[in-house]
Protein chains: 2
Amino acid sequence: MEKRPITLKDIAKALDLSTSTVSRAMRGHPAISEETRKLVQQYAEEHKYKPNTLALSLRTNKNNTIGVIVPEIVHFFFSSVLAGIQDEAESENYHLLMCNSNEMYEREVKSVQTLLDARVCGILASMSKNTLEYRHFQNIIDDDVHLVFFDRICPGINTDKVVADDYRGAFAAVDYLAETGCSRIAFLGADTHLPISNNRRMGYEDALRKHTLPVEKKWIKVCDTTDLAQQVIPEMLQEENRPDAFFCINDEVAAYCLQIVKAAGFRVPEDISISGFTNAYITEVTDPTLTSVDQHGYEMGREAARLLINRIEGVETKKGVVSRLIKTDLVIRQSTR
Amino acid sequence: MEKRPITLKDIAKALDLSTSTVSRAMRGHPAISEETRKLVQQYAEEHKYKPNTLALSLRTNKNNTIGVIVPEIVHFFFSSVLAGIQDEAESENYHLLMCNSNEMYEREVKSVQTLLDARVCGILASMSKNTLEYRHFQNIIDDDVHLVFFDRICPGINTDKVVADDYRGAFAAVDYLAETGCSRIAFLGADTHLPISNNRRMGYEDALRKHTLPVEKKWIKVCDTTDLAQQVIPEMLQEENRPDAFFCINDEVAAYCLQIVKAAGFRVPEDISISGFTNAYITEVTDPTLTSVDQHGYEMGREAARLLINRIEGVETKKGVVSRLIKTDLVIRQSTR
DNA sequence: ATTTTTTATGCAAACGTGTGCATAACCTTC
DNA sequence: GAAGGTTATGCACACGTTTGCATAAAAAAT
């Protein structure tokens, strides 16, 4: 009844050879005669021999698996990154162990534990929003497991990272807004401890300065969820000196911003311009369609996976930290003039 | 330099015991004295002993890993399912090995191979659109690996499945369209060999019959991508007897349909009603927002994972095929009257 | 005091591979 | 024909666990 898969030992017994000979024959060791090599390989082929990866892993202490921790799965950007990681890993014959922190610190810690217990060769991680304690990430490094951060890097940990060029993306978008006549440009960002938000804000501010526009505190808000959008944006619209453009940290906020602005009776882009960030699918279905900054998540995923694999296999030998920057591209649609 | 993780053997040596005793002490075997048990467990705790899962897997021939094959990752519905699978697997201490067929038959076959080679305990799969040959799925069963299909089931393979109640979802949507005064309701579906499409079409037809509306061939089209939408919908709008409602197989097509219909000068929902399927994120950002049928992807993922794990652990003992139906819910928004 | 039972521990094999070393057989060379 | 070289194969162990069986020591029963 039980159909046990065929092993090297079985082949050895059947062909009256030792397992070592069979093992060597399979991997084309030079000290094996052409004759027996063919014999063994043919027999293996016929009986559909599959090396037991578990045994192999135990032997070599390498399981060819890399772990991924994302803060969210149902998310255009992160799923794009995941797709890139997946493709790169697959082409290099690595398996993918996926964990989802769900933007919760505790689950992030647990995910790290899970991956270390599974003895992965390396970990790709994007930090949860509310993670302020970094001990668990340090544990990875202390265990001599390679670690590469992508997008949401961890400021307290000194390790390789792949990030989008947030500064230039933000600069390009705000520069465009200013050039098309907007002068009161609001920045809807995330918590200041997140580098992605800070970098974009610097791009935003520098673009304003380039056009000699003032950097006003009241136009810079933490507003990175749709809930916050419902709360923050209406208030801003009611001020005597309301913004004439919104540069949003992500496309969801931008889409909600668009709805709120329209509902308040303003025309987009004639009265108010709006730009998002990510260039997610939804930018094409709003009315008007949304201008956004493409983050190239797929490429970021590929790049991060490649870097990690290079580290694992010793191809990347740089002693210090390797930082890769993924270019960002402004995609102009109808929500800006 | 090399920081080798501590093993049972190390503990044994340090405490001058045999590895077997240490092993038993760790797992609370009754034939071990309270004294040594505490001694061992404390030492293990202090030295942060972690059982080597690879060795364990080899020993028990179970690696506590389940494989998932999805046709697409950057996809609201599939990523929702993935999130559900992930949560359920994690709570049952199973790892997740993820594969992405990218709607390509060849990659699907390769993914199955990958997962079988990795010796997963079971596989969750949703079929690629253009898969017509089922040999690779049969291989899974022949290898005595558990297999559960979700959503896009494979008609030729006799195994457990979890699907949405497509029939009732479609029925509810079309019923609603008819009740709100639509009488020329178009069905934009997928290829007929996909059960999800057929089931929805049956729901569509039955709802029409309930309202004694004719089932017209010319209003039933294969149109499941945005590319096809651009091509099919304008033609339908130009006919003398144009549809006054579109029931679309997914929300992307519905969103594009909405754009096309609006661009052609029709009002939604006054002139033409539109309903999607899935209840993805985009339904809330279009203008008007989109009526859709919620497929509860997350629940489907959880249910599928639970069923698979029950099979693996022998909890689910039913001899034949287990079929689970996930309820669907019509969510009414502004694109219908 | 001897036998039986109980209790706690160790030995050795197993899971499927890979590899250093030994060895046997064959071939070359003088 | 013996020494040395080459070629092909096998032995034994290692990776880290678990587990059936044997066994030593202690306790209980006769």
Side-chain angles (χ1 to χ4, degrees), chain A residues 2-41 43-44 47-65 93 116-121 143-144, chain B residues 2-41 43-44 47-65 93 116-121 143-144:
Chain A
E2 266 301 314
K3 211 181 317 163
R4 205 176 46 81
I6 186 171
T7 74
L8 286 187
K9 216 180 283 188
D10 297 329
I11 301 183
K13 200 175 294 176
L15 265 44
D16 199 30
L17 289 168
S18 75
T19 46
S20 11
T21 304
V22 175
S23 169
R24 284 193 259 255
M26 287 303 295
R27 6 186 52 231
H29 192 284
I32 297 293
S33 71
E34 188 72 2
E35 194 184 6
T36 46
R37 213 207 68 214
K38 278 192 176 162
L39 181 70
V40 168
Q41 291 190 343
Y43 187 94
H47 292 71
K48 304 202 185 308
Y49 166 75
K50 296 278 175 49
N52 185 324
T53 52
L54 276 53
L56 227 148
S57 298
L58 176 60
R59 189 60 174 54
T60 60
N61 209 21
K62 273 200 55 176
N63 57 4
N64 264 53
T65 299
N93 279 315
L116 289 182
D117 287 357
R119 298 285 210 281
V120 295
C121 309
D143 275 17
D144 284 325
Chain B
E2 265 301 314
K3 212 181 316 162
R4 206 176 44 82
I6 186 171
T7 74
L8 286 188
K9 216 179 284 186
D10 297 330
I11 302 182
K13 200 174 293 174
L15 265 45
D16 199 28
L17 289 168
S18 75
T19 47
S20 9
T21 304
V22 176
S23 169
R24 284 192 260 255
M26 288 302 295
R27 11 186 46 232
H29 193 284
I32 298 293
S33 70
E34 189 72 3
E35 192 185 6
T36 47
R37 212 207 67 214
K38 280 192 174 161
L39 181 70
V40 168
Q41 291 189 343
Y43 187 95
H47 292 71
K48 303 201 186 308
Y49 166 75
K50 296 278 173 49
N52 185 323
T53 51
L54 274 54
L56 226 147
S57 298
L58 175 60
R59 190 60 174 54
T60 61
N61 210 23
K62 273 200 53 175
N63 56 5
N64 262 51
T65 299
N93 279 315
L116 289 182
D117 287 356
R119 298 286 209 279
V120 295
C121 309
D143 274 17
D144 284 325

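Letters A, B, ... are given to chains in the order of the sequence lines, protein chains preceding strands, and every chain is numbered from 1.
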Strictly under 3.5 Å: I want the nitrogen or oxygen pairs between protein and nucleotides 9-11 of chain D, one per line.
unit_1	atom_1	unit_2	atom_2	d
D:dT9	OP2	A:Ser33	N	3.3
D:dT9	OP2	A:Ser33	OG	3.2
D:dT9	OP2	A:Thr36	OG1	2.8
D:dG10	OP2	A:Ser18	N	2.8
D:dG10	OP2	A:Ser18	OG	3.1
D:dG10	OP2	A:Thr21	OG1	2.5
D:dG10	O6	A:Arg24	NH2	2.6
D:dC11	N4	A:Ser20	OG	3.0

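- A:Glu34 pairs by the side chain to side chain contact (heavy atoms under 4.5 Å, CB included) definition with A:Arg37, A:Lys38, not counting sequence neighbours.
- Among the atoms of the strands shown, only primed sugar atoms or phosphate atoms (P, OP1, OP2) are found under 4.0 Å from some heavy atom of B:Thr7.
- Phosphate proximity of C:dA14 to A:Lys9: absent, as no side-chain N or O sits under 4.0 Å from OP1 or OP2.
- Phosphate proximity of C:dT19 to A:Arg27: present, with a side-chain N or O under 4.0 Å from OP1 or OP2.
- Counting non-hydrogen atoms under 4.0 angstrom, A:Leu8 reaches the backbone sugars and phosphates but no base.
- In this structure, the helix from C:dA1-D:dT30 to C:dC30-D:dG1 shows an angle of 70° between the axis at its start and the axis at its end, each fitted on 5 base pairs and rounded to 10°.
- Between the side chain of A:His29 and the main chain of A:Ala25, no donor-acceptor pair closer than 3.5 Å is present.
- Atom CE of B:Met26 is separated from atom P of D:dT17 by 9 Å (rounded to the nearest Å).
- A straight line from CZ of A:Arg119 to P of D:dG16 spans 9 Å, rounded to a whole angstrom.
- Distance alone, capped at 3.5 Å, is enough to place a donor-acceptor pair between the B:Asp10 side chain and the B:Thr7 backbone.
- Of the candidate nucleotides D:dG16, C:dG16, D:dT18, C:dG16 has the atom nearest to the side chain of A:Asn52.
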